[in-house]
Asks: 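Dropping a structure here in structure tokens format, bear with me for questions.
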Amino acid sequence: RHAEDSLYFFLVDGGLNVINHVKGSDPKCDCMEFGEVRYGTHRSDKPLVHKITNKSDQPMFCVDAEVLKSPPVTSKIPLLAEHHTLIKERDRCRVYKLSLLPGQDVSVSYPFFYLSIVLRSSTIKTVIGASAVHSVSWEKNTAMGDVEWCTPALDINITNVGETVYEQFIAEWR
């Protein structure tokens, strides 16, 4: 049962084939590609009640994030930053994909609250206060499906110090 607007992030290599049976309707076949992001408008007097039957060989892996309310800090305009692509925009959220090849880095500020979801894992070095005299840095081995709620952050440098492509969704709540 879904009674709130939701973002869905599908994380199954090779994609999914499913049967979606919505209460009161006939079952329908559906496909979800790896890395596909969907937005469901469920906030109404008729929430979505359904059953998904996975017809694929792999287990279903989907992050369902409900958009409950606007956070105290939002951005009026979309993020414009290197290595970030705006892939979905709705009235209550925006979703960007950050892509870094091994050795690539990006300096960015996220002036909004957001949900981070790792799509393709690698080892990431993060530096906060990168242009300041004093900074804080750490490395993290990420895994596909890692999820973290993040507060606004300024002057961040993110470097892919791993050996594989790193991809991350940045879901901005508005």
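This chain uses plain numbering: 1 for the first residue, then up along the sequence.
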Asks: Is any side-chain heavy atom of Ser99 less than 4.5 Å from a side-chain heavy atom of Glu167?
Replies: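 Yes, side chains in contact.
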Asks: Is there a chain of hydrophobic side chains (I, L, V, M, F, W, Y, each step under 4.5 Å between heavy atoms) that links Leu98 to Phe10?
Replies: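 Unlinked, Leu98 and Phe10 end up in two clusters.
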Asks: For the atom pair OG1 (Thr164) and CG (Leu100), what is the distance rounded to the nearest 0.5 Å?
Replies: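 The CG atom of Leu100 is 11.0 Å from OG1 of Thr164, to the nearest 0.5 Å.
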Asks: Look only at the side chain of Thr53 and the backbone of Val18, and say whether a donor-acceptor pair between them is shorter than 3.5 Å.
Replies: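 Not confirmed, Thr53 side chain does not pair with Val18 backbone.
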Asks: Give a yes or no on whether a salt bridge exists between Arg174 and Glu172, defined as a side-chain N under 4.0 angstrom from a carboxylate O.
Replies: no
Asks: How far does CD of Gln58 sit from CG of Asn17, to the nearest 0.5 angstrom?
Replies: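 These two atoms lie 11.0 Å from each other.
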Asks: Could you check whether the rings of Phe9 and Phe169 sit parallel, tilted or perpendicular, using 30° and 60° as the cut-offs?
Replies: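 The arrangement is tilted - the two ring planes meet at 30° to 60°.
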Asks: Is any side-chain N of the basic residue among Lys55 and Asp30 closer than 4.0 Å to the acidic one's carboxylate O?
Replies: no
Asks: Would you call Glu89 and Arg94 a salt bridge, using N to O less than 4.0 angstrom?
Replies: yes
Asks: When you compare the side chain of Lys97 with that of Val95, does any pair of heavy atoms fall below 4.5 Å?
Replies: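 In short, these two side chains do not touch, never coming nearer than 4.5 Å.
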Asks: State whether a side-chain donor-acceptor pair under 3.5 Å links Gln168 with Ser116.
Replies: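 Yes, Ser116 and Gln168 have a side-chain donor paired with an acceptor closer than 3.5 Å.
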Asks: Where the side chain of Ser75 meets the backbone of Ile77, is there a donor-acceptor pair that is under 3.5 Å apart?
Replies: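 Indeed, once roles are kept as given, a pair shorter than 3.5 Å links the two residues.
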Asks: Can you find a heavy atom in the side chain of Glu36 that is under 4.5 Å from one in the side chain of Tyr8?
Replies: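 No, every pair of side-chain atoms sits at 4.5 Å or beyond.
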Asks: Just wondering, do Thr123 and Thr142 contact through their side chains at under 4.5 Å, heavy atoms?
Replies: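 No; the side chains remain at least 4.5 Å from each other.
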Asks: Is the number of heavy atoms from other residues, nucleotides or ligands under 6.0 Å of Gln104 CD greater than 12?
Replies: yes
Asks: The criterion is ring pair (Phe, Tyr, Trp, His ring centres under 6.0 Å); which residues satisfy it with His84, sequence neighbours excluded?
Replies: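 In terms of ring pair (Phe, Tyr, Trp, His ring centres under 6.0 Å), with neighbours along the sequence ignored, His84 is linked to Tyr110.
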Asks: Applying the 4.5 Å side-chain criterion to the ILVMFWY set and letting contacts propagate, would Ile117 and Met144 be lumped into a single cluster?
Replies: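 In one cluster with Ile117: Met144, yes.
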Asks: Might you point out which heavy atoms bring Ser122 and Asn160 nearest each other, and give the distance in Å?
Replies: OG-OD1, 2.7 Å
Asks: Do Trp149 and Phe113 have side chains that get closer than 4.5 Å, going by heavy atoms?
Replies: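 Result yes, sub-4.5 Å side-chain heavy-atom pair found.
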Asks: Using a 6.0 Å cut-off, check whether atom NZ of Lys125 has over 12 heavy atoms from anything other than its own residue.
Replies: no
Asks: According to a hydrophobic-cluster definition based on side-chain heavy atoms being under 4.5 Å apart (Ile, Leu, Val, Met, Phe, Trp, Tyr only), do Val12 and Ile19 belong together?
Replies: no
Asks: Report yes or no: does Ser109 contribute a side-chain atom to a donor-acceptor pair with the main-chain N or O of Asp155 at less than 3.5 Å?
Replies: yes
Asks: With rounding to the nearest 0.5 angstrom, report the NZ to NZ distance, Lys23 to Lys51.
Replies: 14.0 Å
Asks: Is Lys140 paired with Glu148 through a side-chain N to carboxylate O contact shorter than 4.0 Å?
Replies: yes
Asks: To the nearest 0.5 Å, what is the distance between CG on Asp91 and OG on Ser70?
Replies: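 That separation rounds to 9.0 Å.
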Asks: Are Val63 and Ile87 connected in the hydrophobic side-chain network, where two residues link if heavy atoms are under 4.5 Å apart?
Replies: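 Linked within one cluster.
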Asks: Distance from Leu79 atom CG to Leu86 atom CG, nearest 0.5 Å?
Replies: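 Separation between the atoms: 9.0 Å.
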Asks: Is the side chain of Arg38 donor-acceptor paired with the backbone N or O of Ser6 at a distance under 3.5 Å, no angle test?
Replies: no
Asks: Look up atom CG in Asp105 and atom OG1 in Thr159, then write down how far apart they are to the nearest 0.5 Å.
Replies: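 It comes to 4.0 Å.
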Asks: So, using ring pair (Phe, Tyr, Trp, His ring centres under 6.0 Å) as the criterion, who are the partners of Tyr166 when residues are at least two apart?
Replies: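 Scan of Tyr166 (ring pair (Phe, Tyr, Trp, His ring centres under 6.0 Å), adjacent residues dropped) gives none.
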Asks: Check whether Phe61 and Val147 end up in the same hydrophobic cluster, where Ile, Leu, Val, Met, Phe, Trp and Tyr are linked by side-chain heavy atoms less than 4.5 Å apart.
Replies: yes
Asks: With sequence neighbours left out, which residue pairs that include part of residues 122-145 fulfil the ring-ring contact (aromatic ring centres under 6.0 Å, His included) condition?
Replies: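 Those involving residues 122-145 do not exist here.
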